[in-house]
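Worksheet for the structure shown next.
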Number of protein chains: 2
Amino acid sequence: MPPRTGVTRDRVVEAAVRVADASGAGALTMRALAEALGVAPMSLYHHVPNKEAILDAAVDAVFAEVDLPVVGAPWRAELRRRAASVRAALVRHPWALALMESRRNPGPATLAHHDAVLGTFRAGGFSLAATAHAYALLDAFVYGFALQEATLAFRDSAGGPGPSGAEGRPDVAAAADGLAEVLGGGAYPHLVEFVGQHALQPGYSFAASFEVGLDLVLDGLERLRARGAG
Amino acid sequence: MPPRTGVTRDRVVEAAVRVADASGAGALTMRALAEALGVAPMSLYHHVPNKEAILDAAVDAVFAEVDLPVVGAPWRAELRRRAASVRAALVRHPWALALMESRRNPGPATLAHHDAVLGTFRAGGFSLAATAHAYALLDAFVYGFALQEATLAFRDSAGGPGPSGAEGRPDVAAAADGLAEVLGGGAYPHLVEFVGQHALQPGYSFAASFEVGLDLVLDGLERLRARGAG
DNA sequence: ACCTGAACACCGTTCAAGT
DNA sequence: ACCTGAACACCGTTCAAGT
């Protein structure tokens with residue numbers, strides 16, 4: 001599948017996101033990227049300085065998908081919607097989380113994102129000090145939850161596109177199966193209870209804890225706000 | 001520095017942690033590991049099946065450093081101490097967080113860790129459903145906070161041991177310097193305000209938000225517990 | 001049993017050369 | 001200006017060979 005037109009920086013970044021979505025971060029090599037674009041590996045270097053720049057741009061592309069909060073609108077509803085949007089983006093692009101940790105150059109979408117969140121806190125009556133604590137807590141929760149979801153999910157080597165609506169419940173069952181042998185002895189009684197009596201029960205969904213946790217966090221933020229500067 | 005005695009699995013894992021601490025995950029190659037042990041690269045494969053197994057064991061070694069909660073003791077104090085201990089371990093071993101995301105085989109220390117936390121929740125009066133939500137929220141916060149700290153810290157390519165007491169404040173200044181040019185225009189006004197008026201001020205410390213956030217999370221867990229099963 | 005060098009199929013990237 | 005093949009210094013790992 002040769003490209004209709006020449007390679008561009010944007011086309012390289014789009015392809016990078018597509019390849020990572022389909023096959024994971026490990027499959028995102030310059031050679032694979034070039035093949036996806038129907039071009040020789042070295043051609044990429046005419047539109048991008050190196051692989052790092054591609055990763056920077058790919059992470060920024062994920063941030064560009066996030067539903068920004070509206071500065072001045074009721075902070076709690078806005079930040080609730082934004083938190084769910086960040087998590088959804090990270091579920092769509094599980095490779096992005098690990099990359100974010102090593103990025104040093106935030107792109108325009110990333111900067112606009114942080115600006116909107118900070119503005120929403122400030123307009124909602126949070127002092128600068130409270131905003132710092134609140135933003136740290138809120139994003140620790142959002143990113144940490146996404147990290148746990150990524151850990152539970154199985155996107156080992158292969159990975160394929162997979163059902164896009166697979167929000168429900170990762171393979172807790174498979175993980176538990178692998179553990180069954182180890183759990184044989186009397187060690188880890190609470191782990192056995194939890195997995196057997198709860199996590200493996202029909203109705204269980206790890207994702208359900210997101211809403212519960214988010215509301216508790218937002219409750220905490222409201223008390224932080226009411227408490228004043230600090 | 002040739003080893004006094006032969007290579008063992010434990011010695012390989014110790015060396016892996018040491019190399020990653022000193023030079024980052026990127027420097028953790030089979031060849032570098034072999035050199036650190038004064039042995040040929042292929043010798044490692046007599047004590048470990050492959051690199052994946054080394055990474056699994058290295059992550060478990062980090063969990064082994066964590067101060068476990070005492071099941072049956074007051075849950076809030078125990079889990080507070082444990083949360084701080086996890087964060088401290090991840091500050092000592094920043095490479096571990098990214099690795100945890102891709103590990104599929106929890107080791108004995110990891111299992112004992114989860115067992116102790118689950119037991120502490122249960123003995124503290126949390127229902128199984130409440131325990132699931134509480135554990136998800138608590139660890140989302142702890143891991144997410146560590147993720148943000150790792151993102152803020154600069155441990156780019158080189159890395160060296162660094163001052164072990166460097167808990168204080170990562171290079172927010174350096175990050176802001178790099179941004180100064182971009183922030184020139186009127187875009188990102190809230191980001192400019194936050195960085196200029198708060199994050200760059202003398203007393204500021206991102207780490208200080210950990211205690212604040214942790215207490216808000218623990219308050220939330222207490223309400224979750226009191227609310228009952230769910 | 002433990003260790004090893006050579007070799008293979010990969011990486012990202014430099015360089016000189018093409019159009 | 002854009003693209004490219006060959007080559008370099010790396011990876012993890014297999015294999016046959018040593019002690």
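In what follows, chains carry the letters A, B, and so on, assigned in the order in which the sequence lines appear, proteins first and then strands, with residues in each chain numbered from 1. Every value quoted in this text rests on a predicted model; they were computed, and no experiment measured them.
- Annotation: proximity of residues 50-57 of chain A to DNA chain D (heavy atom, distance under 4.0 Å) is found for no residue.
- Place A/Pro49 and A/Ala32 on DNA chain C by their nearest nucleotides, and A/Ala32 ends up nearer the 5' end.
- Taking the side-chain contact (heavy atoms from CB on, under 4.5 Å) definition, one finds that B/Ala109 meets it with B/Asp60, B/Phe63, B/Ala64, sequence neighbours left out.
- In this structure A/Ser209 satisfies the side chain to side chain donor-acceptor pair (under 3.5 Å) test together with B/His133, sequence neighbours excluded.
- Considering only residues two or more places apart in sequence or on other chains, B/Asp67 meets the side-chain contact (heavy atoms from CB on, under 4.5 Å) condition with B/Arg81, B/Ser85.
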> So B/Leu90 and B/Glu149, side chain to side chain contact (heavy atoms under 4.5 Å, CB included) or not? Walk me through it.
Replying inline: CA-CA 9 Å; B/Leu90 290 175; B/Glu149 280 189 303; over 6 Å; no

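- The side-chain contact (heavy atoms from CB on, under 4.5 Å) check on B/Ala116 picks up B/Leu68, B/Pro69, with sequence neighbours excluded.
- One atom, CG of B/Leu33, and another, C1' of D/dC11, lie 14 Å apart when rounded to the nearest Å.
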Considering only nitrogen or oxygen atoms on both sides, find all protein atoms under 3.5 Å from nucleotides 3-7 of chain C and state each distance.
unit_1, atom_1, unit_2, atom_2, d
C/dC3, OP2, B/His47, NE2, 3.1
C/dC3, N4, B/His46, NE2, 2.8
C/dT4, OP2, B/Ala40, N, 2.8
C/dT4, OP2, B/Ser43, OG, 2.4

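- Secondary-structure stems of DNA chain D, taken as three or more successive Watson-Crick or G-U wobble pairs (i with j, i+1 with j-1) under a 3.5 Å distance threshold, comprise C:4-8 with D:12-16, C:12-16 with D:4-8.
- Residues passing the side-chain contact (heavy atoms from CB on, under 4.5 Å) test with A/Val48, sequence neighbours excluded: A/Arg9, A/Ile54.
- With sequence neighbours excluded, the residues that form a ring-ring contact (aromatic ring centres under 6.0 Å, His included) with B/His93 are B/Trp95.
- For A/His198, the ring-ring contact (aromatic ring centres under 6.0 Å, His included) partners at least two apart in sequence or on another chain are A/Phe194, A/Tyr204.
- Annotation: salt bridge (Lys or Arg N to Asp or Glu O under 4.0 Å) contacts involving residues 39-49 of chain B, sequence neighbours excluded, are absent.
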Scan the side chains in residues 135-147 of chain A for donor-acceptor partners under 3.5 Å anywhere in the protein, sequence neighbours excluded, and list what turns up.
unit_1, atom_1, unit_2, atom_2, d
A/Asp139, OD1, A/Arg82, NH1, 2.7
A/Asp139, OD1, A/Arg82, NH2, 3.0
A/Asp139, OD2, A/Arg82, NH2, 3.1

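- Atom CD of A/Glu35 is separated from atom C1' of C/dC10 by 14 Å (rounded to the nearest Å).
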